[in-house]
J.: 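Pasting a structure here, questions to come.
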Amino acid sequence: MHPSMEEFSSQDFGVQDVGPQINGLVVQILKTMSVLLVRVRQKVLEIAILICVILLVFWVALFLYGSFYYSFMPTANFIAPVHFFYSRTDCPSPHHSLCSFPVANVSLLKNGKHQVMTYGQPYRITLELEMPESPANQELGMFLVKIAPYSKAGQIVDVSARSAILHYRSSLLQALGTVVFSPMLLTGASEQKQSVSVELYSEFKDDSYKPTVGAVIEIHSQRIQIYRAHLFIFAHFTGIRYLLYHFPLISALIGVMSNFTFLSLIIALSFLQFNLGSRRLPVKTDLQQEEMNEPDDLNDQSESQDEGNAPENVDTMECNSVEMEESIPDLGVEESDDSRELAEDEPICEAGDEEMILRHRHLSQDMLQSSQALTDTKDKNYYRVGCSSF
């Protein structure tokens, strides 16, 4: 053969050998890629489920902290406008046009429904008055402010009275202030007034049997002049409430993280318990199968023993039947054809496949009549020969 042909054939043979190897390598690469894709999908799914669970636990922890804060923290401050009125204007004295003190009825309900003050929580109640620096107020001197909280039934819960006075300013100071703030005073950006704060209660605690729903405020002065007035209620927090109110961000962070850790621990323990239970189930099923197989083995052994003893039982039964037939006395009566046919139908016990067939032999009516005189104690109707299995 030509040398070039030999080289070509050897190259062709080499290509044929490399082809299956390349196909196997490609198949193996495809298998590994498919396995990697399945694993990547599983990992991505597990990560997505884990992120969803973490977000759910976080929102639940945030909701729990918000619910606790809303139910545990009372109203920190409450501001209500105070509108004074005069109960009487028909004064008998011509020098005074007003013969009653200014009185105001203030509601202490938030939105007209919810109570502002919580039972057992101390509150500081203050009345703030905006009074002009008029000659009437400067000549007024000290005046008395009285407050009387009342319950829903209209009962007076408590009464408190505090004195107040306008801050003193000399005529020179008033003149200098007027000159300096004259542009603002002329434009209306500022006013010649003072804010007088009267602390009515330093620590007021609401009664649980008589919850406060309002208060009556009365100023014992007929000549007082007031621009506007507001009632301020501030809660005096202590302990955990003090921390929650004055450090809200730190308290929220600690509370949410505590709830998140607690819920995560519960979920982790539940997951571990579920895995342990799922692992114990196959072991229990195997034990149950073994326990169920033991009675089957015992039944097989008993069946094998019965099969081994079956022929012996059959032989003993046949022998017993023969002996019983021989024990029947000969009555000396000639047997007829019918009796012979009946005699042929003697009981035969056949054992096959653990089943016993019993055949009964009926004696003829003639034989019974002939044997009645000799054997009165015998059965008058028929003899029944039975085979009992052991």
Side-chain angles (χ1 to χ4, degrees), residues 62-87 100-131 142-165 195-221 224 226-252 254-255 259:
L62 187 61
F63 174 76
L64 291 176
Y65 177 77
S67 301
F68 167 75
Y69 186 88
Y70 180 78
S71 61
F72 184 71
M73 287 295 294
T75 303
N77 49 27
F78 178 75
I79 302 174
V82 180
H83 304 285
F84 290 99
F85 63 92
Y86 293 91
S87 59
S100 66
F101 299 135
V103 182
N105 189 0
V106 183
S107 175
L108 300 181
L109 294 176
K110 186 185 295 183
N111 298 326
K113 298 179 180 179
H114 305 287
Q115 294 183 3
V116 174
M117 292 180 285
T118 306
Y119 310 140
Q121 173 64 40
Y123 290 91
R124 183 167 61 90
I125 301 176
T126 304
L127 179 65
E128 185 174 348
L129 302 173
E130 291 186 3
M131 302 172 61
M142 294 184 66
F143 56 92
L144 190 67
V145 179
K146 182 180 178 181
I147 184 171
Y150 60 89
S151 63
K152 188 175 182 180
Q155 298 178 355
I156 301 298
V157 177
D158 193 10
V159 177
S160 177
R162 297 289 187 272
S163 61
I165 190 173
S195 295
V196 179
S197 181
V198 183
E199 185 177 343
L200 301 175
Y201 284 100
S202 58
E203 289 186 359
F204 177 79
K205 292 184 179 180
D206 196 9
D207 190 0
S208 59
Y209 298 100
K210 298 178 181 179
T212 303
V213 297
V216 176
I217 301 173
E218 185 179 5
I219 299 177
H220 290 197
S221 178
I224 190 171
I226 301 171
Y227 280 148
R228 62 186 62 90
H230 291 87
L231 184 67
F232 291 88
I233 299 176
F234 298 99
H236 182 66
F237 295 125
T238 57
I240 297 176
R241 289 176 176 174
Y242 179 84
L243 297 175
L244 292 176
Y245 180 74
H246 292 280
F247 305 97
L249 294 178
I250 298 174
S251 301
I254 293 173
N259 293 332

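Starting from 1, each residue takes its place in the sequence as its number. Quantities reported herein were computed from a predicted structural model and do not represent experimental measurements.
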J.: Might you point out which heavy atoms bring Phe143 and Leu129 nearest each other, and give the distance in Å?
T.: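 So the minimum-distance heavy-atom pair works out to CE1-CD1, 4.0 Å.
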J.: Would you say Tyr242 has more than 12 foreign heavy atoms packed within less than 6.0 Å of its OH?
T.: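 Count not over threshold, so no.
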J.: In Å and rounded to the nearest 0.5 Å, what is the OG1 to CD1 distance from Thr126 to Ile79?
T.: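 So the gap between those two atoms works out to 11.0 Å.
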J.: Does the side chain of Ile226 come within less than 4.5 Å of Pro102's, by heavy atoms?
T.: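 Counting from C-beta outward, Pro102 and Ile226 never come under 4.5 Å.
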J.: Is any side-chain heavy atom of Glu199 closer than 4.5 Å to one of Arg162?
T.: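 No, too far: nothing below the 4.5 Å cut-off.
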J.: Quick one: closest heavy-atom pair of Val196 and Met131, and the distance?
T.: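 The pair with the smallest heavy-atom distance is CG2-SD, 3.9 Å.
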J.: Rounded to the nearest 0.5 Å, how far apart are CE of Met117 and NZ of Lys205?
T.: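 Here the interatomic distance stands at 13.5 Å.
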J.: Quick check: closest heavy atoms across Ala229 and Leu127, and the distance to 0.1 Å?
T.: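 So the minimum-distance heavy-atom pair works out to CB-CD1, 4.4 Å.
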J.: Walk me through it: do Leu109 and His114 pass the test side-chain contact (heavy atoms from CB on, under 4.5 Å)?
T.: CA-CA 5 Å; Leu109 294 176; His114 305 287; over 6 Å; no
J.: What's the spacing between Gln121 CD and Met73 CE if we round to 0.5 Å?
T.: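 Output value for this atom pair is 8.0 Å.
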J.: Provide the closest heavy-atom pair for Ala80 versus Ser107 in the form atom of the first, atom of the second, distance.
T.: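 Heavy-atom minimum between the residues: CB-O, 4.5 Å.
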J.: Could you point out which residue of Thr75, Asn77, Ile125 forms a side-chain contact (heavy atoms from CB on, under 4.5 Å) with Phe234?
T.: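 Single side-chain contact (heavy atoms from CB on, under 4.5 Å) partner of Phe234 among Thr75, Asn77, Ile125: Asn77.
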J.: How long is the span from the CD1 atom in Ile250 to the CG atom in Leu244, to the nearest 0.5 Å?
T.: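 If I round to the nearest 0.5 Å, the distance is 11.5 Å.
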J.: In terms of relative ring orientation, are His230 and Phe232 parallel, tilted or perpendicular, with 30° and 60° separating the classes?
T.: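 Judged by the thresholds at 30° and 60°, the geometry between His230 and Phe232 is tilted.
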J.: Can you confirm whether more than 12 heavy atoms, excluding those of Ile240, are under 6.0 Å from its CD1 atom?
T.: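 Check fails, neighbour count at 12 or below.
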J.: What I'd like to find out is whether the side chain of Val216 reaches to under 4.5 Å of the side chain of Asn105, using heavy atoms alone.
T.: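 They are in side-chain contact.
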J.: So, for Ile165 and Met142, which heavy atoms are closest and what is the spacing to 0.1 Å?
T.: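 For Ile165 and Met142, the tightest heavy-atom pair comes out as CD1-CG, 3.9 Å.
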J.: What pair of heavy atoms forms the shortest contact from Val106 to Ile217, and how long is it?
T.: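 So the two residues come closest at CG2-CD1, 4.0 Å.
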J.: Are side-chain heavy atoms of Ile219 and Phe101 found at a separation under 4.5 Å?
T.: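 The answer is no, as the side chains (C-beta and beyond) never meet within the 4.5 Å cut-off.
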J.: Any heavy-atom pair between the side chains of Val103 and Phe85 that's under 4.5 Å?
T.: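 Sidechains of Val103 and Phe85: in contact.
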J.: How far does OG of Ser163 sit from NE2 of His220, to the nearest 0.5 angstrom?
T.: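 Taking OG in Ser163 and NE2 in His220, the distance rounds to 12.5 Å.
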J.: So do the side chains of Tyr201 and Pro122 get within less than 4.5 Å of each other, counting heavy atoms only?
T.: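 A side-chain contact is absent here, since even the closest heavy-atom pair is not under 4.5 Å.
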J.: Counting distance only, does the side-chain N/O of Ser251 pair as donor-acceptor with the main-chain N or O of Leu243 below 3.5 Å?
T.: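 Pair found, side chain donor or acceptor close to backbone of Leu243.
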J.: If the plane angle is over 60° it's perpendicular, under 30° parallel, otherwise tilted; pick one for Tyr245 and Phe237.
T.: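 Judged by the thresholds at 30° and 60°, the geometry between Tyr245 and Phe237 is tilted.
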J.: Given 3.5 Å as the limit, does a donor-acceptor pair link the side chain of Tyr123 with the main chain of Thr118, or not?
T.: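 Yes, Tyr123 side chain to Thr118 backbone: donor-acceptor pair under 3.5 Å.
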J.: Could you tell me how the ring of Phe72 sits relative to the ring of Phe68: parallel (under 30°), tilted (30 to 60°) or perpendicular (over 60°)?
T.: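 Judged by the thresholds at 30° and 60°, the geometry between Phe72 and Phe68 is parallel.
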J.: Is a donor on one side and an acceptor on the other found under 3.5 Å between the side chain of Ser160 and the backbone of Leu200?
T.: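 Looks like yes, one N/O pair under 3.5 Å.
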J.: So, do Pro74 and Arg241 sit near enough that their side-chain heavy atoms are less than 4.5 Å apart?
T.: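 Heavy-atom side-chain distance check passes, below 4.5 Å.
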J.: When rounded to the nearest 0.5 angstrom, what is the spacing between CD in Glu130 and OG in Ser195?
T.: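 Going from the CD atom of Glu130 to the OG atom of Ser195 covers 5.0 Å.
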